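The structure appears below as structure tokens.
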Amino acid sequence: MAYEQLKLDNQLCFRLYTVSRLVIQTYRPYLEPLGLTYPQYLVLLILWEEDHQLVNSIAHRLYLESNTMTPLLQRMEKEGLVKRKKGKVDGRQTFVSLTEKGRGMEERAKDIPSCMSDCLTDKGVKEEELLSLIPPLDNLINALSNNYPEE
């Protein structure tokens with residue numbers, strides 16, 4: 001190989017990609033009984049924190065473009081989890097709110113974080129290691145999102 005820096009084993013991005021994919025895969029058995037995909041779960045997490053939010057605000061929290069949100073929210077609306085409504089003051093704005101079914105999902109999903117944590121600690125990952133990852137990952141997110149459009 002001509003360039004050592006091009007070896008797969010030398011790529012931080014490959015590790016981040018792989019961890020992301022494997023974490024999402026690990027969530028699947030907890031989310032499938034609820035009929036949720038991982039992106040839907042993320043939207044619900046945001047709305048459980050604070051209901052009735054602008055599509056753009058949700059997209060911003062998830063570091064997604066608002067046009068990426070439309071098909072996701074359409075599926076969630078068809079499944080009866082959320083409802084979308086145009087703003088009264090500005091018709092270009094769309095608000096997303098939980099339905100009763102969407103609110104009820106919070107109770108059903110309440111144990112997912114501890115199940116995920118248990119799954120990792122059962123495989124030898126220490127809880128302190130997991131918690132210690134948060135600040136450097138937040139630093140990476142902040143550094144890489146500096147070109148991300150503000151709300």
Side-chain angles (χ1 to χ4, degrees), residues 1-82 84 95-151:
M1 172 167 235
Y3 301 98
E4 187 72 17
Q5 69 267 28
L6 294 179
K7 282 187 174 180
L8 187 61
D9 287 345
N10 293 335
Q11 307 303 310
L12 171 65
C13 58
F14 175 69
R15 286 172 176 80
L16 293 171
Y17 164 77
T18 303
V19 166
S20 174
R21 196 176 53 72
L22 292 172
V23 165
I24 291 168
Q25 183 179 318
T26 304
Y27 267 96
R28 192 171 294 132
Y30 304 112
L31 296 175
E32 277 181 350
L34 304 178
L36 296 175
T37 63
Y38 185 72
Q40 290 172 334
Y41 175 65
L42 295 178
V43 170
L44 289 175
L45 288 173
I46 290 170
L47 292 172
W48 292 330
E49 282 182 40
E50 184 182 337
D51 199 1
H52 193 69
Q53 293 195 44
L54 286 168
V55 170
N56 289 344
S57 298
I58 297 169
H60 187 48
R61 288 269 321 263
L62 296 177
Y63 296 91
L64 296 172
E65 298 298 325
S66 58
N67 63 354
T68 304
M69 294 297 303
T70 301
L72 173 60
L73 294 172
Q74 284 174 336
R75 284 190 305 274
M76 292 180 76
E77 193 169 33
K78 281 181 187 174
E79 293 169 16
L81 299 170
V82 300
R84 295 177 298 155
F95 287 89
V96 181
S97 300
L98 291 165
T99 61
E100 279 302 313
K101 181 178 178 182
R103 272 190 283 290
M105 286 291 212
E106 184 177 11
E107 173 67 26
R108 295 180 61 198
K110 73 180 184 329
D111 295 326
I112 291 175
S114 61
C115 289
M116 283 297 295
S117 182
D118 291 348
C119 179
L120 292 168
T121 56
D122 288 350
K123 294 181 184 203
V125 180
K126 294 182 175 86
E127 188 173 350
E128 307 81 55
E129 287 176 306
L130 292 172
L131 294 174
S132 73
L133 291 172
I134 294 172
L137 289 174
D138 283 346
N139 287 340
L140 277 173
I141 290 167
N142 290 332
L144 295 172
S145 66
N146 63 356
N147 292 328
Y148 189 80
E150 292 294 320
E151 288 183 76

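Bear in mind that the values here come from a model prediction, so they are computed numbers and not experimental data.
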Is Thr121 reaching over with its side chain to a backbone N or O of Lys126, donor-acceptor style, under 3.5 angstrom? no

Between Lys7 and Glu4, does at least one N-O distance fall below 4.0 Å, as a salt bridge requires? yes

Restricting to non-hydrogen atoms, name the atom on Leu34 and the atom on Met105 that form the minimum distance, rounded to 0.1 Å. O-CE, 3.0 Å

Contact summary for Leu98 and Asp51, nearest pair of heavy atoms: N-OD1, 2.8 Å

List the steps and the verdict of side-chain contact (heavy atoms from CB on, under 4.5 Å) for Thr70 and Arg84. CA-CA 10 Å; Thr70 301; Arg84 295 177 298 155; 4.3 Å; yes

Closest approach of Pro33 to Pro29 (non-hydrogen atoms, all atoms of both residues): CD-O, 3.0 Å

Counting only heavy atoms not in Glu79, do more than 12 fall under 6.0 Å of its CD? yes

Gln53 versus Ile58, closest heavy-atom pair with distance: CB-CG1, 4.1 Å

Nearest heavy-atom pair of Lys101 and Gly80: which atoms, and what distance? CB-O, 3.4 Å

Pairwise distance CD1(Ile46) to CG(Leu62) - rounded to 0.5 angstrom: 3.5 Å

For Ser114, is there any backbone N or O sitting under 3.5 Å from a side-chain donor or acceptor partner on Ser117? no

Under 3.5 Å: donor-acceptor pair, side chain of Glu32, backbone of Thr37: no

Taking atom CZ of Phe14 and atom CG of Leu8, what is their separation to the nearest 0.5 Å? 4.5 Å

Between CG of Asn56 and CG of Leu64, what distance do you get to the nearest 0.5 Å? 11.5 Å

For the residue pair Tyr41 and Trp48, categorise the inter-ring angle as parallel (less than 30°), tilted (30 to 60°) or perpendicular (more than 60°). perpendicular

Can a salt bridge be assigned to the pair Glu50 and Arg61 using a cut-off of 4.0 Å between side-chain N and carboxylate O? no

To the closest 0.5 Å, what do you measure between CG (Leu140) and CG (Leu16)? 6.5 Å

Separation of Asn142 CG from Leu137 CG (nearest 0.5 Å): 11.0 Å

Taking Arg28 for the side chain and Tyr38 for the main chain, is one N or O donor matched with an acceptor at less than 3.5 Å? no

Interatomic distance, Leu42 atom CG to Ile24 atom CD1 [nearest 0.5 angstrom]: 8.0 Å

Any donor-acceptor N/O pair, Thr26 side chain to Leu22 backbone, under 3.5 Å: yes

Verdict with supporting geometry, Leu44 and Met76, side-chain contact (heavy atoms from CB on, under 4.5 Å): CA-CA 10 Å; Leu44 289 175; Met76 292 180 76; 3.8 Å; yes

Nearest heavy-atom contact between Val55 and Met69 is CG1-CB, 3.9 Å

